[in-house]
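Here is the structure we will look at, set down as structure tokens.
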Amino acid sequence: MCALMQALPGFRDFYPEDCARRNHVIETWRSVSRRYGFLEFDGPVLESTDLYRKKNEEGAEILEQLYSFADRGGREVALRPEMTPTLARMVAAREKHYRKPMKWFCVSNFFRHERQQKGRLREFLQFNADIIGESSPQADAEIIALAVDLMRAFGFTAEHFVVRLSDRKAWMEFLQSRGCDEAACRTVLACADKLEREPAEKLNAKLAPTGLVVDDLKAFIAAGSPGAFAPVLEALAARGLSGFVQPDLSIVRGLAYYTGVVFEIFDRSKSLRALAGGGRYDGLIKGLSDGAIDLPAIGFGMGDVVLGHLINETPSASEKLKAALAQTSDVYVIIADESRRAEALQIVQTCRELGLSTDFSLRPAKIGKQFQEAEHLGACHAVLVGQEWPQVKLKHLATRSEEAIDHAALVPNLKNIKLR
RNA sequence: GUGGUCGUAGCUCAAUGGCAGAGCUCCAGGUUGUGGUCCUGGAUGUUGCGGGUUCGAGUCCCGUCGAUCACCCCA
């Protein structure tokens, strides 16, 4: 295969069947978000590189993965690697215009220059939802409930996924009680993030300057700090969603800007990466706007890549996808007599104006061929135009029942088709 | 950035160092105007690319590009 014939590493081609899958995902994200009263927004794919520098610490992973370059005017720009900075920028600029709390979502493509592997690409689609201007646990519960219902809408149940819920504030209170300063806190959280992956000795070495050891962290996690989650869990229980959520202080998340509740969604078998992740970032908008705008916020992201893997692995979700893809066309117009092509085109046009998905053969073809094509497209009805004009035959393909009717009487019949 | 595995038809994959193949897809037929199955026929390859070893390389060796998985991090 010639190099120019394939997409760049980590980038995808979307053939019709791939687009259909993607549309199913996007439409599910949108419909559930609207059900929750979220409004859709979007921003530019290209942003000033400084926007990302400002939000993240020097040397942060996400900055290393930036697709950044100087544009023709010499301006430093970058393809967006995430939505939150853009959202914060947009909110800060027009904050006064919108009633609080603002419930916004977006479905956008993002770019990160990293080595691709299972569940990781260089361009991916991500759903983001955020509630801005409400700091109560009710908002935390609302955003988590949305995440849960998104997963359910894809066909997943409590046996397929779990929301692991944690709270940065509980961690900070614990660490302050142990006399940790800001730098020490950062070290401890980084180690907590790796408890499952790195050996205890290695972590203890890292923890040495903080005065804590691995067992202290484990003890804190085991204790569970139940008070921290109570209000959120109550609100979720009232919605009947308790079974999807599991308090788990071992979740701390890598990003530095989280200030309160954090959560991640995993598949139950834990064979995949996180399906979604997010949390409360009450200081971010203030920081980005140099203190001008101070709004609490909570949000999360859900990517299409890992989600796609889990859908493939989960029968109930695959079925749902399959059903969504099985879009059949409504009418196939068969031109039995080529000299009636003009009349047939008229019928095609009428069908389409009625909103029916309608197709026909662009070139002369045998009747059998045309029926085959109608079948292949999954058409519900065939309209046969031929010698008997001004009569046409309307055939229901599934039952093979056929009736001859005047072409003028076709329209009322077609209206019925639409209802099925 | 580090390491492992793998590159053969549009897709999924065969072929002990010895004639590059199968299934699916696609195209064309199967008697004058009726479809899913079925039958027949057909098309498609510089075996990722470049070198080397050999009488002979898809197969062995080196390089390169790409894919993939793991580490890292996260959607």
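Per chain, numbering begins at 1; letters A, B, ... match sequence-line order.
Mapped onto RNA chain B by nearest heavy atom, A/Arg400 and A/Leu8 fall at different nucleotides, with A/Arg400 at the one closer to the 5' end.
Nucleotide B/A57 has no partner under the Watson-Crick or G-U criteria, as no pair reaches both atom distances under 3.5 Å. Summarising the base pairing, B/U37 is matched to no nucleotide, lacking a Watson-Crick or G-U wobble pair whose two defining distances lie under 3.5 Å. Pairing partner, B/G63: B/C49, with both Watson-Crick or wobble hydrogen-bond distances short of 3.5 Å.
Comment: A/Arg152 engages A/Asp149 in a salt bridge, judged by a side-chain N to carboxylate O separation of less than 4.0 angstrom. Using a 4.0 Å cut-off between charged side-chain N and carboxylate O, A/Glu40 and A/Arg30 make a salt bridge.
Between A/His396 atom NE2 and B/G36 atom P there is a gap of 17 Å when expressed in whole angstrom units. A straight line from NZ of A/Lys118 to C1' of B/C69 spans 9 Å, rounded to a whole angstrom. Per the geometry, CD belonging to A/Gln117 stands 13 Å off C1' belonging to B/G3, to the nearest Å.
Below the 3.5 angstrom threshold, one finds a donor paired with an acceptor across the side chain of A/Lys395 and the base of B/U34. Taking 3.5 Å as the limit, the base of B/G33 and the side chain of A/Gln387 contain a donor-acceptor pair of atoms between them.
In this structure, A/Lys366 reaches the B/G30 phosphate: one of its side-chain N or O atoms is under 4.0 Å from OP1 or OP2.
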